[in-house]
There are 2 protein chains.
Amino acid sequence: MPKLYVALTHYPVVSKRGDIITSAVTNLDLHDISRAVKTYGAKSFYVVTPLVDQKTLVQKIISHWTEGSGAVANPARRSALEMIKIKNSIEDVAEDIESIEKVYPKTVVTSARRHPCAIDYYEFRDLLMTEIPHLLVFGTAWGLPDSFVSQADYVLEPVTGAGDYNHLSVRSAAAVILDRLLGQRF
Amino acid sequence: MPKLYVALTHYPVVSKRGDIITSAVTNLDLHDISRAVKTYGAKSFYVVTPLVDQKTLVQKIISHWTEGSGAVANPARRSALEMIKIKNSIEDVAEDIESIEKVYPKTVVTSARRHPCAIDYYEFRDLLMTEIPHLLVFGTAWGLPDSFVSQADYVLEPVTGAGDYNHLSVRSAAAVILDRLLGQRF
């Protein structure tokens, strides 16, 4: 089984103006990405934010579906949302994975822009055939800052469609990328 | 260029209990699926509901991003949301496509369940190489009723992941299916 972990980070990310900001959590990001993580058999879904009130909000949403009335009403939703772990930073995520796997993970960042050394989906699928854990990081807002991207082990090539327009939501991009990495090839 | 049209229908769909209902429109369905339709070069994105107040709501959301302050703030969002057309029924959608293409489209329905005569992604990609327009229909809520599925020209095989769990959101499923049909193969 591939040792792929997924993180969605709200800090550091880039604003529309290019500033580094902390973005707010979007409820449907939690639902859609946890369901994709569960569907494709990734190991965990980390939601990263340093803000205490945002962490409380995420915990409240998870609890509703895993312990509250939502858990009874919709068991499929429960088994997705219980994949979520809340962390302060990507460093904390990597340490959590290290404590599970006994190996520090390689980080792979996603970007809507092309990078000269980006790996493609074939290469990433090959990396996932090894025993090394990999952490795939998605940014919210206008994406991950260059300073963050340059520190990652790998940059994944962007999802491209038919032309120049590639403005998928982070929810859609996460689903497509998990399908390309872990879905059945046809 | 493939003649693929996409529709998201809110009636007829199945409730959790199995009844045929009209579901409410979800704002992020409009955003995410129109962005995926634009990214992958599908022709139009039809939002189908017979309810007058729901049609008004959809039109209000579209106008905000195509004519209002949202159009100035976010041109990429505008060019996605202007792909949306609102229709009463799938029959109205098919007639609209016929008026554009001068050929009545073949309908392809999506389902999270396996059907004995389902076509796979290879077969659908081959169909899209022809001149015939195809309408790909997604259902909201718990999906499209059997009576609707049985009237379609084709049923597309479900998106499967690593195991038995396949509870993607309709937003995620639409993105993955468009990537499989129109994305660059790797």
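Order of the sequence lines sets the chain letters (A, B, ...), proteins ahead of strands, with each chain counted from 1. Values below: every heavy atom of this structure, side chains too, minus hydrogens, waters and symmetry copies. This one's a predicted model, so the numbers in the text were calculated from it and none came from an experiment.
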Mark yes when over 12 heavy atoms from residues, nucleotides or ligands other than [X] sit less than 6.0 Å from its [atom1]; otherwise mark no.
X         : atom1 : answer
Lys55(B)  : NZ    : yes
Asp53(A)  : CG    : yes
Asp126(B) : CG    : yes

Using the rule that Ile, Leu, Val, Met, Phe, Trp and Tyr join whenever any side-chain heavy atoms are under 4.5 Å apart, tell me whether [X] and [Y] fall into a single cluster.
X         : Y         : value
Leu156(A) : Ile90(A)  : no
Leu57(A)  : Leu81(A)  : yes
Trp142(A) : Leu144(A) : no
Val170(A) : Val176(A) : yes
Leu136(A) : Val47(A)  : yes

- Which heavy atom of Gly161(A) sits nearest a heavy atom of Gln184(B), and at what distance?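 Shortest heavy-atom separation between Gly161(A) and Gln184(B) comes out as O-NE2, 4.0 Å.
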- Task: Check whether Ala80(B) gets within reach of chain A through its side chain, its backbone, both or neither, counting any heavy atom under 4.5 Å.
- Result: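 Contact with chain A involves both backbone and side-chain atoms of Ala80(B).
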- Item | Contact class of Ala73(B) relative to chain A, heavy atoms under 4.5 angstrom |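 Both the backbone and the side chain of Ala73(B) come within 4.5 Å of chain A.
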- Task: Output the residues of residues 26-38 of chain B for which the shortest heavy-atom distance to chain A is under 4.5 Å, in residue-number order; output 'none' if no such residue exists.
- Result: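 From residues 26-38 of chain B, the residues near chain A are Thr26(B), Leu28(B), Asp32(B), Arg35(B), Ala36(B), Lys38(B).
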- Query: What residues of residues 95-105 of chain A sit under 4.5 Å from chain B when only non-hydrogen atoms are counted?
  - Reply: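 Checking residues 95-105 of chain A against chain B gives no residue, so none.
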- Message: Using 0.5 Å steps for rounding, measure from the CG atom of Leu168(B) to the CG atom of Leu178(A).
- Response: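 Answer for the CG-CG pair, Leu168(B) versus Leu178(A), is 9.5 Å.
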- Can you tell if the side chain of Tyr40(B) reaches within under 4.5 Å of the side chain of Asn166(A), non-hydrogen atoms only?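 No, side chains not in contact.
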- Task: Scan residues 42-63 of chain A for pairs that pass ring pair (Phe, Tyr, Trp, His ring centres under 6.0 Å), counting only residues two or more places apart or in two chains.
- Result: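 Applying ring pair (Phe, Tyr, Trp, His ring centres under 6.0 Å) to every pair that reaches into residues 42-63 of chain A, excluding sequence neighbours, yields nothing.
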- Message: Can you tell me which of Ala173(A), Gly41(A), Ser172(A) forms the most heavy-atom pairs within a distance under 4.5 Å of chain B?
- Response: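 Max contact count across the listed options: Ser172(A).
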- Message: Taking side chain as everything from C-beta outward and backbone as N, CA, C, O, which of these in Ala174(A) sits under 4.5 Å from a heavy atom of chain B? Side chain, backbone, both or neither.
- Response: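 Neither the backbone nor the side chain of Ala174(A) comes within 4.5 Å of chain B.
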- Query: For Ala76(B), does its backbone N or O pair with a side-chain atom of Tyr165(A) as donor and acceptor, under 3.5 Å?
  - Reply: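 It does hold such a pair.
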- Item | For Tyr11(B), the rest of its hydrophobic cluster, which grows through side-chain links under 4.5 angstrom |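 Ile20(B), which link up through side-chain heavy atoms under 4.5 Å apart, make up the rest of the cluster.
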